[in-house]
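To find a chain, count down the sequence lines: A is the first, B the second, and so on, and within it residues start at 1.
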Amino acid sequence: MTIDIIYSKLLGLHIEIDYTTGLRSIRFSKLGENSKERKTLGISFDLERYFEGEMIDFSVDLDISHLSPFEQKVLEETRKIKYGRTITYSGLAENIGRGGPRAVGNALGKNPIPIIVPCHRVVAKKGIGGYSAGIDIKTKLLEFEKRNVNNL
DNA sequence: GACGATAGCCCTT
DNA sequence: AAGGGCTATCGTC
């Protein structure tokens, strides 16, 4: 098991990357700004590039076998959302062909791998919807991506 | 059964 | 036009 740590200037937070047989979890943690980083995994460098504004598509193996079939399906489908785009909870439910918008929200609320599985791109039909790590983070990510897309 | 990161409808201002 | 209450809905625990 490996745990890397990078710092995101955009969020003003450190991010812990937990990798075993695949990417297992991403955690936002509030360490001091001068807390040291540790980058040994490819995904850590990808994440770093992401936070520098690169419109990158993450390709990593995920370790999500411990999740329910429905939750796995939701994450898979969420992963298909392109950079800077959004979809609604109900739209995602339709793509999956199973479950309703609330069930999707429930599953996303337990997403162990935010950003890589871009659950911040799933919004409510009216409004932004929720984000387990804090709505401010979701807002920042969405605005950040929109900004980078427009500067193309 | 109860609980959500929902959606839609039907009021009020 | 915007916001509040109410309820149908669906997977988890």
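- One can place CG of A:L75 at 13 Å from C1' of B:dA5, the figure rounded to the nearest angstrom.
- Of all nucleotides in DNA chain C having an atom under 4.0 Å from a heavy atom of chain A, the first and last in 5' to 3' order are C:dA8 to C:dC13.
- Here the side chain of A:D4 pairs no donor or acceptor atom with the backbone of A:S44 at under 3.5 angstrom.
- Phosphate proximity of B:dT6 to A:S90: absent, as no side-chain N or O sits under 4.0 Å from OP1 or OP2.
- Residue A:F70 is classed as a sugar-phosphate contact, given heavy-atom separations below 4.0 Å to backbone atoms only.
- Within 4.0 Å (heavy atoms only), A:G99 reaches sugar-phosphate atoms of the nucleic acid but no base atom.
- One can place CD1 of A:I96 at 15 Å from P of B:dT6, the figure rounded to the nearest angstrom.
- Of the residues in residues 123-136 of chain A, A:A124, A:K125, A:G130, A:Y131, A:S132 come within less than 4.0 Å of DNA chain B through at least one heavy atom, sorted by number.
- Residues A:L23 and A:F58 have side chains not in contact (no heavy-atom distance under 4.5 Å, counting atoms from C-beta outward).
- When the shell of 6.0 Å around CZ of A:R85 is examined, it contains 12 or fewer heavy atoms from other residues, nucleotides or ligands.
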Donor-acceptor contacts, no H, no angles, side chain residues 121-129 of chain A, under 3.5 Å, sequence neighbours left out:
residue, atom, partner, partner atom, Å
A:R121, NE, A:E145, OE1, 2.9
A:R121, NE, A:E145, OE2, 3.4
A:R121, NH1, A:I81, O, 2.9
A:R121, NH2, A:E145, OE1, 3.4
A:R121, NH2, A:E145, OE2, 3.0

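- Of the two residues contacting DNA chain C, namely A:R102 and A:N106, the nearest-nucleotide position lying further toward the 5' end is that of A:R102.
- Within the 4.5 Å cutoff, the side chain of A:H66 has heavy atoms near those of the A:R24 side chain.
- Put simply, the side chain of A:L13 does not reach to within 4.5 Å of the side chain of A:S8, judged on heavy atoms.
- In this structure the side chain of A:I87 never reaches within 4.5 angstrom of the side chain of A:E77, judged on heavy atoms.
- Relative ring orientation between A:Y83 and A:Y50 is described as perpendicular, the plane-to-plane angle rising above 60° on a 0-90° scale split at 30° and 60°.
- Listed by chain and number, the residues in a side-chain contact (heavy atoms from CB on, under 4.5 Å) with A:A107 are A:F70, A:E71, A:V74 (sequence neighbours excluded).
- The ring-ring contact (aromatic ring centres under 6.0 Å, His included) pairs that include a residue from residues 3-48 of chain A are A:Y7-A:H14, where partners are two or more places apart or lie in different chains.
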Query - Dot-bracket encoding of pairs in DNA chain B, which uses [ ] for pseudoknotted crossings and | for another strand, Watson-Crick or G-U under 3.5 angstrom - result: ||||.||||||||
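- Of the residues A:L108, A:L62, A:I113, the one that meets the side-chain contact (heavy atoms from CB on, under 4.5 Å) test with A:L75 is A:L108.
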